[in-house]
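The structure under discussion appears below in the form of structure tokens.
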Amino acid sequence: MELQHVNVKLYLENSRHVDLEALIPVFHNWIQDQICEELLIDVADYRHVHAGPGVVLIGHEADYSVDNTDSRLGIRYNRKAILVGSNQSRLKQPLRAALVACQRLESDPSLEGKIRFDRREIELFINDRLIAPNLEDTYTVLKPALEVFFQELFEGNGFSLRHNSNPRSLFSVAVKSTKPLDPESLLKKLSS
Amino acid sequence: MFDPFLAPEELLPTAQAIARVFARLGEKKNRNRARIKFLVHDLGIEKFRALVLEERQILPFDPRWTEYLKEVDHHQEQPLKPAGKLLETDLEGFQQWLETNVQSQKQEGYAVATVALPLGDITPYQLRALADIVRRFTKESVRTTVEQNFVIRWISQGDLPELYAALRAVGLGQPGAGNIVDIVACPGTDTCKLGISSSRGLAAELRSRLAEKSLELDESIRNLHIKISGCFNSCGQHHIADLGFYGVSRKVGGYTVPHFQIVLGGEWTHNAGSYGLPIVAIPSKHVPEVVIRLSERYISDRNKGENFQGFIKRIGKAEVKKMLEDLARVPDYQQDHSFYSDWGDPREYSIDDIGKGECAGEVVSAVEFGLAAAEREVFEAQVLLENGEIEKAGKTAYLSMIQAAKTLVRTEYLDVPDDSERVVSEFRTRFYDTQKFFDPFAGGIFANYLFAAHQRVRPHTQESAHHLIEEAQLFVDAAHSCYNRMGTMRSSLVKA
């Protein structure tokens with residue numbers, strides 16, 4: 001199975017204190033400063049939608065958002081453009097992008113340190129039901145590759161995988177680490 | 001009207017005959033006129049009808065014209081459950097939702113429920129949940145509405161509390177369907193290439209301000225309709241709203257500032273009984289204040305039983321404009337630069353459009369003055385129309401277009417004479433033939449309004465004067481856009 005359109009969501013710890021409105025100028029600054037290699041285009045505000053996409057930074061290759069799907073706020077990277085390489089590298093790219101986005105938001109002075117992501121959980125989605133229908137079979141096929149990927153990334157720290165088997169949802173797997181993750185070392189590992 | 005009654009079996013062959021007449025005689029070269037309405041206008045409805053009926057007679061019979069009629073009855077909606085009676089409930093929020101989102105059906109014991117979607121948005125998760133809910137309470141049928149909501153029919157009235165609870169659980173139980181909070185907006189600058197101002201941004205802002213106090217709002221205000229389009233193309237249906245807005249831009253001190261034209265007098269009821277007319281362009285950031293000011297005045301000064309449209313008609317557009325005059329002014333950039341960005345977008349609005357004139361001391365250019373004068377004339381035409389001076393209203397609307405055209409011509413030919421024949425001729429050569437005046441998407445359509453008005457010899461009727469005033473406003477707006485584009489080109493040349 002060739003993984004494409006991988007989404008990564010990193011949940012926020014203190015979501016009650018997060019003011020999504022404050023993210024709008026931050027995302028606009030990202031566009032103006034061209035902070036990443038992707039082409040960033042515009043900011044869409046969906047705060048009025050119940051358990052919706054929150055505030056979305058629309059890009060050509062990928063969207064970044066502080067997303068509230070399932071009423072759980074998190075930083076979400078939605079890779080839209082096709083990635084070349086192996087499945088392992090197709091997992092690395094979106095995870096790296098999501099972590100960098102988290103670091104940027106955590107350190108943005110205008111957000112006054114109110115954004116902090118949960119360092120124990122990462123959720124992966126495949127936003128393509130044709131590639132990955134949300135079935136047990138899909139999970140059976142992908143599980144070994146995911147285990148290899150996270151064993152290597154977490155350098156021996158314990159973790160668990162949980163497949164969300166609701167067939168109406170996108171295929172997704174929550175990865176829970178037994179110890180808090182260090183974004184710096186994860187990024188170093190992902191860049192190697 | 002082509003025909004007040006058409007038998008179902010004649011529907012498809014008549015449509016086919018119309019299509020064939022249009023294919024034969026309709027406009028082929030000018031895309032802006034490639035519409036049946038232009039052909040009907042040119043031929044007259046009588047001749048058009050005769051041609052269609054002639055065509056209908058020679059069409060070879062096709063069994064598909066009537067085959068589908070056998071299936072029509074299968075699509076009739078039927079109830080899933082027997083009629084019921086609504087029992088008392090203390091479910092939180094239910095009463096308010098019931099008042100605004102539910103109407104009794106003609107069939108006793110059944111109701112129609114509206115699912116109000118803020119700004120017409122819904123997630124896939126909510127859509128799936130809605131499908132489940134619809135299957136639970138009806139025979140799998142739900143309709144979309146032109147107000148960007150869903151409607152569910154054939155709800156047994158006894159099921160209403162359960163329906164509400166199910167909708168609320170997935171964030172679809174919002175009250176206020178079809179009232180002042182339920183604002184309709186087109187995509188505007190969010191995603192539409194034609195968008196000039198942020199219609200969704202304004203709608204979100206108005207919605208959040210009004211929702212906060214929706215319960216305290218006077219009932220007469222609560223039922224007003226607000227509709228917003230990001231440009232003149234009316235996708236947000238601004239022309240049939242109590243309070244309609246469409247996006248325009250204006251140059252202020254060399255900067256482009258997002259504005260909305262305030263459209264009043266439109267009628268949502270009686271199957272969109274009448275279209276409103278633009279009163280004045282207001283900077284985007286002042287629009288919420290316009291809504292507050294107009295609604296407060298309506299609450300305090302309306303006569304008993306007077307609707308908003310009647311109220312506006314009674315106090316007169318001149319008075320309305322006077323009320324809003326201070327809000328039409330844009331503070332200097334140095335004084336308050338928030339006016340120079342649009343709702344939901346903190347970036348400065350088209351800052352690259354700065355286009356200063358040759359004189360270093362110029363703050364308001366002669367073009368801005370000229371176009372403002374044209375706009376005043378359009379408004380004057382409205383007031384004349386309101387006072388029943390139809391011919392004069394038409395003439396004034398036409399002169400406003402001449403004024404706007406002359407203003408643009410003067411950017412190239414300062415001493416252009418006032419003679420309208422000469423203005424139109426110079427405008428045609430310098431701005432139409434060169435396509436400088438062409439809208440990037442609508443092409444030369446607005447210039448054609450001027451040419452048609454210039455050639456007009458027939459006296460005006462109420463309807464034709466109303467129509468010409470609308471066209472004059474669009475022509476003046478297009479002149480503003482043309483001037484903005486000229487500024488952008490100048491800036492690019494200077495940078496290069």
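Proteins get letters first, then strands, A, B, ... in listed order; numbering begins at 1 in each.
- For B:S198, no part lies near chain A; criterion is any non-hydrogen pair under 4.5 Å.
- The contact between A:T69 and chain B is made entirely by side chain atoms (from C-beta outward), counting heavy-atom distances below 4.5 Å.
- In terms of heavy-atom pairs under 4.5 Å with chain A, the best-connected choice from B:L117, B:D121, B:T123, B:I122 is B:D121.
- Ring pair B:F232/B:H238: centre-to-centre distance not below 6.0 Å.
- Only the backbone of A:A51 comes within contact range of chain B, with at least one heavy atom under 4.5 Å from a heavy atom of that chain.
- Both the sub-6.0 Å distance and the 45° axial angle are not jointly satisfied by A:R104 relative to the ring of A:Y64.
- Checking A:I75, A:L12, A:V8 one by one against A:C102, the side-chain contact (heavy atoms from CB on, under 4.5 Å) holds for a single residue, A:I75.
- Between B:W97 and B:F94, the ring planes are tilted. Angles from 30° to 60° get that label.
- Of the atoms belonging to A:V49, it is side-chain heavy atoms, and not backbone ones, that fall under 4.5 Å from chain B.
- For A:Q32, the part lying near chain B is the side chain, with the backbone staying farther off; criterion is any non-hydrogen pair under 4.5 Å.
- Salt bridge annotation for B:D132-A:R168: present, with a cationic side-chain nitrogen under 4.0 angstrom from a carboxylate oxygen.
- In this structure, the portion of A:Y46 lying under 4.5 Å from any heavy atom of chain B is its side chain and not its backbone.
- Residues B:F339 and B:H286 place their aromatic rings such that the two centres sit under 6.0 Å apart.
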